[in-house]
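Below you'll find the structure, written out as structure tokens, and then a few comments.
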Amino acid sequence: MTSSPLARLGEQTTDLLSTIGSLATLDALIEAEPSLTGKRSLLSTLQKSLGSLEPDDRRAAGAQLQAARRVVEEALSARRSELERAARVLQLESDRLDLGDVVDSAVVHALSVGHPGLIATTQSQLEDVFVGMGFTVADGPEVESDWYNFEALNIPPAHPARGMWDTFYVDLGEPETVVLRTHTSPTQIHLMEEAVARNSLPIHSVMPGRCYRRDTPDASHLYSFHQIEGLVVDRGITFADLAGVIETFTRAYFGSDITSRLRPAYFPFTEPSAEFEVTCTLCRGGGCRTCSFTGWLELGGSGMLDPAVLEAVGIDGEEWSGFAFGFGIDRCAQMRHQLTDMRALIENDTRFLEQMS
Ligand code: FA5
């Protein structure tokens, strides 16, 4: 007696289902499909072998085989749907527009904001130091008459001291001589005039602002630069007060290892006058090329208010005395940040600007 060709159909169907379950990609399924349900598949071979059976047995075996084929085809179709869904998800993932990248490269850069430059930052730090020492902050015009920039400061026309400042003259078609201020000292005159008019002496103020000189730009000079002026008018003010304010400022701004010294100088509006220098911030006083191996760098001028200036603004020099000082803001920035060339402050090189943000 010959055994039925379908004797192992159950086991064979289970094997086919497990093969289908292990197909990992759509391509693998398409490749395997002919061997699972096609003309040369096991199921088709079994179908052909039924021809040798008796009609009744053939019908029963045929129905059994049809049922097995249905199970296999349904499993194949279900697996196809699963793999197609997975392939779609994969495709969508790779086509996805990464908004994160767009935000980083476009929107965030478009929104990137600027920041105050080094001169503005230095100015506000200097103001903070002086405000902390009890000074108020005042402002003055950049375009001045000859009287404020020179005459009221005890520099009459043809005075040789005018040569100390190479001046830009402004031609307004007026008989009066008008200049771009060469220093912030004329603001002292405005402040003292106002205090006299309002009867509001004493004065303890600093006055930062832009100045202009026909200087050739080099590593430590610009034709448009900034100074901060200091003015104290009070009763019983002495040179020791001036020296004390300068030393307190120097340590507060540059650090406790930097100190100041005053050296005799000449300014027409102060008597006695002194240049003030601070320890070289590059070599910390040891001596280097920047400080010409002296260990000191000049920061500005200072002195006791000349009686002629007090008289010009109507302040009684018997009752009041005072001192003034003026120094470069750009030079402070240069020294504090150890810039070898001051011109970097105005060249607008974005690499420098970003570094100093
Ligand atoms: C004056 O301008 C006096 N008005 C200072 C003063 C005020 C003396 C009150 C007495 C009483 P001087 O010309 O030396 O002084 O300039 C002072 C400082 O300004 C210099 O030491 C330097 O730090 C800065 N400065 C001057 N010219 C330039 C320039 N071309 N570029 C950058 N900084 C400059």
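Not measured: the values here are computed from a predicted model. Atoms within a ligand are numbered from 1 in the order they appear, just like the ligands themselves.
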Between Glu82 and Arg85, does any side-chain N to carboxylate O distance fall below 4.0 Å?
no
Please list all pairs meeting salt bridge (Lys or Arg N to Asp or Glu O under 4.0 Å) that have one or both residues in residues 234-252, counting only residues at least two apart or in different chains.
Arg235-Glu319, Glu247-Arg251
Ring-plane angle category for [X] and [Y], please: parallel below 30°, perpendicular beyond 60°, tilted otherwise.
X	Y	value
Tyr266	His159	parallel
His190	Tyr148	parallel
Phe249	Phe130	parallel
Phe276	Phe327	perpendicular

N/O pairs closer than 3.5 Å, ligand 1 and protein:
{"from": "ligand 1", "atom 1": "2 (O)", "to": "Arg213", "atom 2": "NH2", "distance (Å)": "2.9"}
{"from": "ligand 1", "atom 1": "2 (O)", "to": "Gln227", "atom 2": "NE2", "distance (Å)": "3.0"}
{"from": "ligand 1", "atom 1": "4 (N)", "to": "His183", "atom 2": "ND1", "distance (Å)": "2.9"}
{"from": "ligand 1", "atom 1": "4 (N)", "to": "Ser185", "atom 2": "OG", "distance (Å)": "2.9"}
{"from": "ligand 1", "atom 1": "13 (O)", "to": "Trp165", "atom 2": "NE1", "distance (Å)": "3.2"}
{"from": "ligand 1", "atom 1": "13 (O)", "to": "Arg213", "atom 2": "NH1", "distance (Å)": "2.9"}
{"from": "ligand 1", "atom 1": "13 (O)", "to": "Arg213", "atom 2": "NH2", "distance (Å)": "3.0"}
{"from": "ligand 1", "atom 1": "16 (O)", "to": "Gln227", "atom 2": "NE2", "distance (Å)": "3.3"}
{"from": "ligand 1", "atom 1": "19 (O)", "to": "Gln227", "atom 2": "NE2", "distance (Å)": "3.0"}
{"from": "ligand 1", "atom 1": "21 (O)", "to": "Glu298", "atom 2": "OE2", "distance (Å)": "2.8"}
{"from": "ligand 1", "atom 1": "21 (O)", "to": "Leu299", "atom 2": "O", "distance (Å)": "3.1"}
{"from": "ligand 1", "atom 1": "23 (O)", "to": "Leu299", "atom 2": "O", "distance (Å)": "2.9"}
{"from": "ligand 1", "atom 1": "23 (O)", "to": "Gly328", "atom 2": "N", "distance (Å)": "3.3"}
{"from": "ligand 1", "atom 1": "27 (N)", "to": "Arg213", "atom 2": "NH1", "distance (Å)": "3.3"}
{"from": "ligand 1", "atom 1": "30 (N)", "to": "Asp215", "atom 2": "OD2", "distance (Å)": "2.8"}
{"from": "ligand 1", "atom 1": "30 (N)", "to": "Leu222", "atom 2": "O", "distance (Å)": "2.8"}
{"from": "ligand 1", "atom 1": "31 (N)", "to": "Leu222", "atom 2": "N", "distance (Å)": "2.9"}
{"from": "ligand 1", "atom 1": "31 (N)", "to": "Leu222", "atom 2": "O", "distance (Å)": "3.4"}

